[in-house]
Student: 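Below you will find the structure I want to go over with you.
Each ligand, and each atom within it, is numbered from 1 in the order the structure gives.
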Amino acid sequence: MKRTTRIFLLIAAIIGIPFYWLLVSNAPGLQPGQGVTIAQLRVLAAQMPGKHPTAIEAAVLDKRDVPGDLLAAGTGIARLTAGVMSFHLLVPGSRAIVIDSGFDRATARQMGYERFNSEAGGRVEGWLRNAGLILLTHEHPDHLGGLAALGDDPQVMARALLPAAQLTKRPANLGPAWPTPAALASVRRMRDLPLQAVAPGVVAIRAPGHTPGSMMYFVALGDGREYLFGGDTVTTAASWKQGRARSHLLADWIAPEDRRAVLSWLTTVRALHREAPRMEIIPGHDIDSIAQTPGKQGILLQ
Ligand SMILES: [Zn+2]
């Protein structure tokens, strides 16, 4: 081999191997699923008496363009728009349900976001103050920050129903706001069960992996439409469609997670979607994939 060829190969290896490992590798690959079935979720969704939600709207608090590889390893360096979102489930004749609170301006700044939408921030604050039930997919600042920012109001906190691992320890990169001890004491604690009904039409799925307190929520609307809120277990549409975990760069260094567990949950989500192909999977950050378009029962994005 010529010397120049050897040098070229050496340089390619020095750059290529870390690039592959940090951004492309999906090791250890999809893992066996958790055995959750759509039949179980539907039974629990029908368990609590009362009106199911009838519509879902979403607020986008901030967004930034990131390489797809970062959020779903090996899906290419083409950029996608990663949004920080809050979801509002309207229930006829009663208070609404909020899934994820997004974050406040201070937390957005702390996390390096630069386009905080004040109007959306005000809207989500109103949702949280008036909600009958507040749920979080997990305990990261871009999902609990909006709720933490209202931590001086025990009445708001009393509407939150959270597993023990959520909102107990102040996460890194959160703005200065944090609930007072009295407000924290008023948070309702979710039972430690793999699956449970938390409202008519709403089922909590314990899904530790991305974080210890990670949850997914199955929602059956009154008209039969079905949704699965995947949180950051399912960061983008490619995460579940292609069965790809977050990049090692993100999952090992920046926001450490149990990658094997996440890959097992992705198998579970794929199996649920095979059973219920019309169910919409709502990823934690992929705003372009969730919008309502003709023929797709997405979510009203505002
Ligand atoms: Zn997130």
Side-chain angles (χ1 to χ4, degrees), residues 58-73 75 79-88 98-117 120-121 124 128 134-149 160 162-163 165-167 169-175 205 207-217 227-240 244-259 261-263 265-266 269 281-290 299 301:
V60 180
L61 293 145
D62 208 331
K63 50 188 170 182
R64 60 184 171 197
D65 294 336
V66 294
D69 271 333
L70 196 64
L71 300 179
T75 56
R79 290 179 166 249
L80 64 84
T81 307
V84 172
M85 294 178 283
S86 174
F87 301 96
H88 193 222
V98 174
I99 298 181
D100 277 345
S101 64
F103 53 22
D104 62 334
R105 180 183 293 280
T107 302
R109 199 175 303 129
Q110 190 73 31
M111 293 186 73
Y113 281 83
E114 291 170 347
R115 293 187 274 172
F116 186 77
N117 182 331
V124 173
L128 291 164
I134 299 167
L135 304 165
L136 302 175
T137 59
H138 63 292
E139 59 273 30
H140 279 158
D142 49 339
H143 299 260
L144 66 69
L147 180 61
L162 310 178
Q166 291 183 357
L167 208 73
K169 200 170 94 214
R170 187 193 181 84
N173 284 330
L174 190 76
I205 305 164
H210 174 62
T211 62
S214 279
M215 307 292 295
M216 297 196 288
Y217 293 96
Y227 297 84
L228 184 69
F229 289 83
D232 287 3
T233 306
V234 188
T235 312
T236 73
S239 310
W240 73 269
R244 315 287 302 189
R246 291 179 156 208
S247 62
H248 281 281
L249 178 61
L250 211 54
D252 294 354
W253 299 96
I254 299 171
E257 66 180 15
D258 180 344
R259 204 174 201 235
V262 168
L263 284 158
W265 282 110
L266 289 174
V269 170
I281 313 289
I282 308 300
H285 289 287
D286 187 352
I287 54 177
D288 294 333
S289 78
I290 68 172
I299 282 177
L301 269 173

Student: Grab the two heavy atoms, one from G209 and one from A261, that are nearest each other, plus how far apart they are.
Tutor: CA-CB, 3.7 Å

Student: Does the plane of the ring in H138 sit parallel, tilted or perpendicular to the ring in H143? Use 30° and 60° as the thresholds.
Tutor: tilted

Student: Which heavy atom of R259 sits nearest a heavy atom of A73, and at what distance?
Tutor: NH2-CB, 3.8 Å

Student: Would you call the rings of F116 and F103 parallel, tilted or perpendicular, taking 30° and 60° as the class edges?
Tutor: tilted

Student: Give me the number of protein N, O or S atoms whose distance to the Zn ion (ligand 1) is under 2.8 Å.
Tutor: 4

Student: If we count only N and O atoms by modelled type, under 3.5 Å, do the side chains of T81 and D65 hold a donor and an acceptor together?
Tutor: yes

Student: For the pair R246 and D232, find out whether any cationic side-chain nitrogen is under 4.0 Å from an anionic carboxylate oxygen.
Tutor: yes

